[in-house]
Amino acid sequence: MAQNFQKPIELSLDNLFYGNDNVVLIKLFWLNQDEIIGYRYENDIPKDLVLLNRQRLIKDSLSINSLFLEGYNSSSKNFISIQGLIQTGDHEAIVLHNFGSTKFEVKNERIQILSQTLPRSKPDISEKYFKGYELVHLDGFTLGYRAEMKKWITDADYWVYNWSTGKFALYEDSKHSEVTKNRYWDRKKDPETQSTYTHFLYNVVQTKEGFLFNLPLKNRFVRYNAETNQMQGYTFPDLKKSGQAWFAFYDRVWSRFFAVLDSGNEYNIYSLDDQTNSFSKLTTSDHQPLGFVGGKCYFREFTFKERRKDYYFDHYLVDLFPKLD
């Protein structure tokens with residue numbers, strides 16, 4: 001896969017994956033290269049999840065509002081905030097929302113609910129790990145993270161409980177010094193609900209071995225291995241300026257890690273060798289990378305419509321390893 005450094009990425013019609021001027025999909029999430037989940041909004045309100053195929057056609061939808069709000073009507077302005085989506089299998093994911101965790105799978109181009117709400121069981125661990133902690137219930141795991149709900153997280157002390165083994169693993173981020181104020185995620189152009197809960201979930205990715213936790217304020221990331229029950233912390237290369245930030249991503253299709261450095265005026269994209277913790281620079285972009293799938297990088301572009309009353313997002317998928325001429 002080695003190659004020379006590419007020229008900077010430019011978003012164009014050549015790498016436009018989905019343009020949604022009329023249907024507002026604010027974010028895409030690739031389960032694999034053939035099944036894509038999109039967050040669909042209507043009049044600034046979360047409407048549903050939609051399933052797109054490789055040909056970018058919407059094949060099915062799932063309304064979390066209709067699942068939990070009796071007699072749901074979009075004109076009532078009542079809605080349930082979708083706080084995160086964490087993939088748990090090649091065709092499965094969990095949606096985290098106000099009412100808990102809903103697990104679904106994609107089968108025959110349809111979204112099928114496996115569990116409307118996952119159990120909110122309390123792990124058999126010391127009570128001190130519940131006081132001041134919020135819980136995230138996933139299939140087979142419970143995550144706990146320390147937070148004050150009226151403040152953004154700065155020290156992400158958290159733990160993982162594996163229900164299949166009964167093992168508990170703890171990581172205390174508060175023992176490391178803060179080196180930047182940059183949280184990587186820029187939500188100025190993001191209509192999604194912002195909270196301490198979503199703030200934590202933005203930095204969590206489930207991998208095939210366990211979880212990847214990003215700690216951008218500390219210039220670190222942590223990998224949790226479910227088989228060994230080990231938390232392994234890694235430090236990113238030093239920042240040249242305090243306003244910069246690193247962020248690690250996981251490409252589930254390739255079982256490979258990538259890293260992005262927000263340098264302050266551009267984003268530098270690297271391939272990350274998880275065995276040696278070495279970084280190989282691939283390219284740069286003026287736009288913020290949001291994810292990786294099959295060696296491709298996902299971007300989106302925010303645009304206001306006339307008179308700034310409405311908006312839409314265009315979504316781009318750029319091949320980081322193009323064929324040589």
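Residues take their numbers from the sequence shown, with the count starting at 1. Please read all numbers here as calculations on a predicted model, not as lab measurements.
Side chain of D173 to backbone of D157: no donor-acceptor contact under 3.5 angstrom is found. Remark: the backbone N or O of M231 is not paired with any side-chain donor or acceptor of R223 at under 3.5 angstrom. Q87 places a side-chain N or O within 3.5 Å of a backbone atom of L31 that can act as its donor or acceptor partner. Here the side chain of N162 pairs a donor or acceptor atom with the backbone of S164 at under 3.5 angstrom. Between the side chain of K218 and the backbone N or O of H176 there is at least one donor-acceptor pair closer than 3.5 Å. With N214 contributing its side chain and P216 its backbone, the two residues share no donor-acceptor pair below 3.5 Å. Between the side chain of N65 and the backbone N or O of P46, at least one donor-acceptor pair lies under 3.5 Å.
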Pair F304-Y312, ring-ring contact (aromatic ring centres under 6.0 Å, His included): steps then yes or no: CA-CA 7 Å; F304 272 113; Y312 63 95; 9.8 Å; no
Candidate pair L282 and F321, rule side-chain contact (heavy atoms from CB on, under 4.5 Å), full reasoning: CA-CA 9 Å; L282 299 175; F321 300 90; 4.1 Å; yes
Worked check of side-chain contact (heavy atoms from CB on, under 4.5 Å) between V136 and T142: CA-CA 6 Å; V136 181; T142 295; over 6 Å; no
Salt bridge (charged side-chain N to carboxylate O under 4.0 Å, His left out) between K122 and E127, intermediate numbers included: CA-CA 10 Å; K122 191 175 180 180; E127 284 295 323; 3.2 Å; yes
Test side-chain contact (heavy atoms from CB on, under 4.5 Å) applied to N203 and F221, step by step: CA-CA 9 Å; N203 296 339; F221 68 97; over 6 Å; no
side-chain contact (heavy atoms from CB on, under 4.5 Å) between L290 and Q288, worked out: CA-CA 6 Å; L290 301 179; Q288 184 182 49; 3.8 Å; yes
Please list, one pair per line, the donor and acceptor atoms closer than 3.5 Å that link side chains of residues 241-251 to other protein atoms, with sequence neighbours excluded.
residue: Q244; atom: OE1; partner: K240; partner atom: N; Å: 3.1
residue: Q244; atom: NE2; partner: S263; partner atom: O; Å: 3.2
residue: W246; atom: NE1; partner: P237; partner atom: O; Å: 3.1
residue: D251; atom: OD1; partner: V253; partner atom: N; Å: 3.1
residue: D251; atom: OD1; partner: W254; partner atom: N; Å: 3.1
residue: D251; atom: OD1; partner: G294; partner atom: N; Å: 3.0
residue: D251; atom: OD2; partner: G294; partner atom: N; Å: 2.9
residue: D251; atom: OD2; partner: G295; partner atom: N; Å: 2.8

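Between P123 and F141 there is no side-chain heavy-atom pair separated by less than 4.5 Å. Counting only heavy atoms from C-beta outward, the side chains of L67 and Y72 never approach each other to under 4.5 Å. By the 4.5 Å heavy-atom criterion applied to side chains, I94 and L85 are not counted as neighbours. Side chains of T102 and L114 form no contact here, defined as non-hydrogen atoms less than 4.5 Å apart. Between F257 and Y270 there is no side-chain heavy-atom pair separated by less than 4.5 Å. Between R252 and T207 there is no side-chain heavy-atom pair separated by less than 4.5 Å. Side-chain contact between D34 and N53: absent, with no pair of heavy atoms (C-beta onward) separated by less than 4.5 Å. L317 is not listed as a side-chain neighbour of N15, based on a closest heavy-atom distance of 4.5 Å or more.
Distance check, rounded to the nearest 0.5 Å: CG of N20 to CZ of R40 gives 10.5 Å. Distance check, rounded to the nearest 0.5 Å: CG of D60 to CZ of R110 gives 5.0 Å. Interatomic distance, NZ of K27 versus CZ of R300, reported as 5.5 Å (0.5 Å rounding). Once rounded to the nearest 0.5 Å, the distance linking OG of S81 with CG of N98 reads 4.5 Å. Summarising the geometry, atom OH belonging to Y161 is positioned 15.0 Å from atom CG belonging to L138; distances are rounded to the nearest 0.5 Å. The line from CD of Q55 to CG of L52 is 10.5 Å long, rounded to the nearest 0.5 Å.
The minimum heavy-atom distance between H315 and L16, with the atom names listed, is O-CD1, 3.4 Å. Of all non-hydrogen atoms in G19 and D314, the two that sit nearest each other are CA-OD1, 3.2 Å. When all heavy atoms of P289 and Y184 are compared, the pair lying nearest together is O-OH, 2.8 Å. Heavy-atom minimum distance, S61 versus D48: CB-OD2, 3.5 Å. Taking both residues in full, the closest heavy atoms of H97 and I80 are given as CB-CG2, 3.7 Å, listed atom of the first, atom of the second, then distance. Residues T180 and E178 approach most closely at O-CG, 3.4 Å, considering heavy atoms.
Using a cutoff of 4.0 Å between basic side-chain nitrogens and carboxylate oxygens, E10 and K7 are not scored as salt-bridged.
If you check the side chains of E301 and Y316, you find a donor sitting under 3.5 Å from an acceptor. Of the N and O atoms on the side chains of S271 and R256, at least one donor lies less than 3.5 Å from an acceptor on the other residue. Remark: the N182 side chain and the D262 side chain contain an N/O donor-acceptor pair separated by less than 3.5 Å.
A perpendicular orientation is assigned to the rings of H287 and F299, their planes being inclined by more than 60° (bins at 30° and 60°). Using cut-offs of 30° and 60° on the angle between ring planes, the pair Y311 and F313 is perpendicular.
Residues V222 and Y234 fall into different hydrophobic clusters, defined by Ile, Leu, Val, Met, Phe, Trp and Tyr side chains chained together at heavy-atom separations under 4.5 Å. Side-chain heavy atoms closer than 4.5 Å link hydrophobic residues (I, L, V, M, F, W, Y) into clusters, and following such links, even through other members, never connects Y158 to I125. There is no path of hydrophobic side-chain contacts, each under 4.5 Å, that joins V205 to Y145. Cluster membership for L11 and L28, using ILVMFWY side-chain heavy atoms within less than 4.5 angstrom, is shared. Hydrophobic cluster membership is shared by L320 and Y267, with clusters built from Ile, Leu, Val, Met, Phe, Trp and Tyr side chains linked at under 4.5 angstrom.
When each of I113, L51, V50 is checked for a side chain to side chain contact (heavy atoms under 4.5 Å, CB included) with L62, only I113 meets the rule. Results of the ring pair (Phe, Tyr, Trp, His ring centres under 6.0 Å) test with Y298 over F258, W30, Y18, F292 single out W30 as the only residue that passes. For the side chain to side chain contact (heavy atoms under 4.5 Å, CB included) with I9, the qualifying choice from D319, D286, V318 is V318, the only one to do so.
Within a 6.0 Å sphere centred on NZ of K208, heavy atoms belonging to other residues, nucleotides or ligands number more than 12. For L57, the CG atom counts as densely surrounded, since its 6.0 Å shell holds more than 12 non-hydrogen atoms of other residues, nucleotides or ligands. Other residues, nucleotides and ligands contribute more than 12 heavy atoms inside 6.0 Å of the CG atom of N73. The local environment of CG in N265 is crowded, with over 12 non-hydrogen atoms from other residues, nucleotides or ligands closer than 6.0 Å.
Less than 6.0 angstrom separates the ring centroid of W159 from the ring centroid of F168.
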